[in-house]
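A quick write-up on the structure given underneath.
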Amino acid sequence: MTLFRLGYVAMSVNLQDASPSQTMTYKKFKQLLDQEAAVRKLERIAKSNIHNCLRLLKHNKAHEINFFRLSSRLVPLATHEDLKEWDYLSAIKDDLMELGSFSKVNGMRLDFHPDHFVVLNAPRKEVFKTSLKVLKYHYLLLQYMGIDPTHRCVFHLGGRYQDKEKSIERFIDNWSLVPQGIQKMVMIENDDTSYTLENCLYVCEKLNIPLVFDIHHHLANHNEESWEMHWERVVNTWSHSPLPVKMHISSPKSNDEFKSHADFIDVDLFLDFVKKTNGSIEQIDCMIEAKKKDGALFKLVEELREHPNIVMQTESSFTWKE
DNA sequence: CAGCGTCAAGTCACA
DNA sequence: TGTGACTTGACGCTG
């Protein structure tokens with residue numbers, strides 16, 4: 001029997017004024033005459049973002065939600081070239097530790113998903129270097145939160161550059177240039193335009209990286225293959241991980257905008273996944289990527305409760321009984 | 001207070 | 001060749 005645990009992404013539609021990704025653009029930053037004061041302002045924003053994350057975790061605790069993706073935009077301009085000298089970690093280390101401690105005390109799984117600027121298979125050295133910088137930023141945040149960075153950061157294989165095979169091999173070549181600590185931190189997710197589940201499995205198995213299965217991306221980009229035939233391989237990429245298997249669930253907005261995320265989750269699609277994977281491993285953490293965030297999670301739970309085969313274990317986790 | 005243009009970064013699709 | 005979409009939007013000016 002498998003325990004399915006639900007999580008959501010970055011922000012809440014229920015908790016007001018709790019943005020974890022307030023920001024200041026570089027342009028705005030440069031416009032401020034007193035650069036010293038501008039840096040202090042960045043630090044105030046970062047502290048507010050982290051504080052709002054803590055509020056989100058408390059909100060999650062109240063609803064027995066123990067799985068959550070942190071915003072990658074906690075510290076605005078943290079990886080900007082012009083702010084290399086800025087020691088942002090000193091300014092926010094207490095806040096990070098408080099956040100990390102709260103998550104640990106309450107047994108919460110936290111992770112990151114940096115956005116599309118992380119491209120490890122880029123032919124351009126500059127792009128690769130920027131990607132490493134962004135990954136290092138995530139690594140340091142985890143470290144300062146007191147969280148073991150192992151398998152906490154998910155991203156995609158990268159671009160196609162007109163030649164998928166070559167670009168996959170470039171990822172593997174570039175991998176040896178990635179510091180070991182960061183290598184251990186990452187997971188790879190199949191994407192909706194370039195790299196299918198099978199492509200990602202090839203790389204994950206070769207480099208010993210856990211694969212995060214995204215069922216919505218798979219439906220958009222699968223090369224006539226079913227995910228079911230690959231599921232055991234997916235599970236195996238997690239055999240050396242301290243964390244449970246993780247997957248992403250979202251639903252198409254519409255047929256015309258298939259790749260866009262809908263507000264809520266299609267319960268039937270999810271139940272199909274649950275039924276088929278039940279028993280394959282002890283636990284699967286399912287990250288809900290829907291526009292309505294925790295609102296979508298709550299709605300999904302409501303619908304799951306109606307189902308005769310679903311047994312709720314907490315407010316956000318359940319098992320399937322035959 | 002709503003609406004909308006703008007904002008660090010990369011790649012791809014589509015005009 | 002240029003623009004929008006991708007997505008974790010958010011800010012700040014305008015009417």
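Because the structure is a prediction, the values reported are computed rather than measured.
Comparing C:dT7 with B:dC7, their C1' atoms are spaced 14 Å from each other, to the whole Å.
Annotation: ring pair (Phe, Tyr, Trp, His ring centres under 6.0 Å) contacts of A:H261 (sequence neighbours excluded): A:H216. For A:S90, the side chain to side chain donor-acceptor pair (under 3.5 Å) test picks out A:D87, with sequence neighbours left out.
Phosphate contact (OP1/OP2 of C:dC11, side-chain N/O of A:T23, threshold under 4.0 Å): absent. The shortest distance between the side-chain N/O atoms of A:Q22 and the OP1/OP2 oxygens of C:dC11 is below 4.0 Å.
At a non-hydrogen distance threshold of 4.0 Å, A:L77 from residues 39-78 of chain A come into contact with DNA chain B.
Nucleic acid contact for A:T79: base, since at least one base atom lies under 4.0 Å from a heavy atom of the residue.
Sorted by first and then second residue, the salt bridge (Lys or Arg N to Asp or Glu O under 4.0 Å) pairs involving residues 228-240 of chain A (not counting sequence neighbours) are A:E198-A:R233, A:E205-A:R233, A:E228-A:K276.
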Self-check item: Intra- and inter-strand pairs of DNA chain B in dot-bracket (Watson-Crick or G-U wobble, both distances under 3.5 Å; | for another strand)
Solution: |||||||..||||||
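Ring centers of A:H113 and A:H138: at least 6.0 Å apart, outside the cut-off.
Protein chain A contacts DNA chain B from B:dC7 to B:dA13, reading 5' to 3' and using non-hydrogen atoms of the protein with a distance under 4.0 Å.
Ring geometry for A:Y26 versus A:H80: interplanar angle under 30°, hence parallel rather than tilted (30 to 60°).
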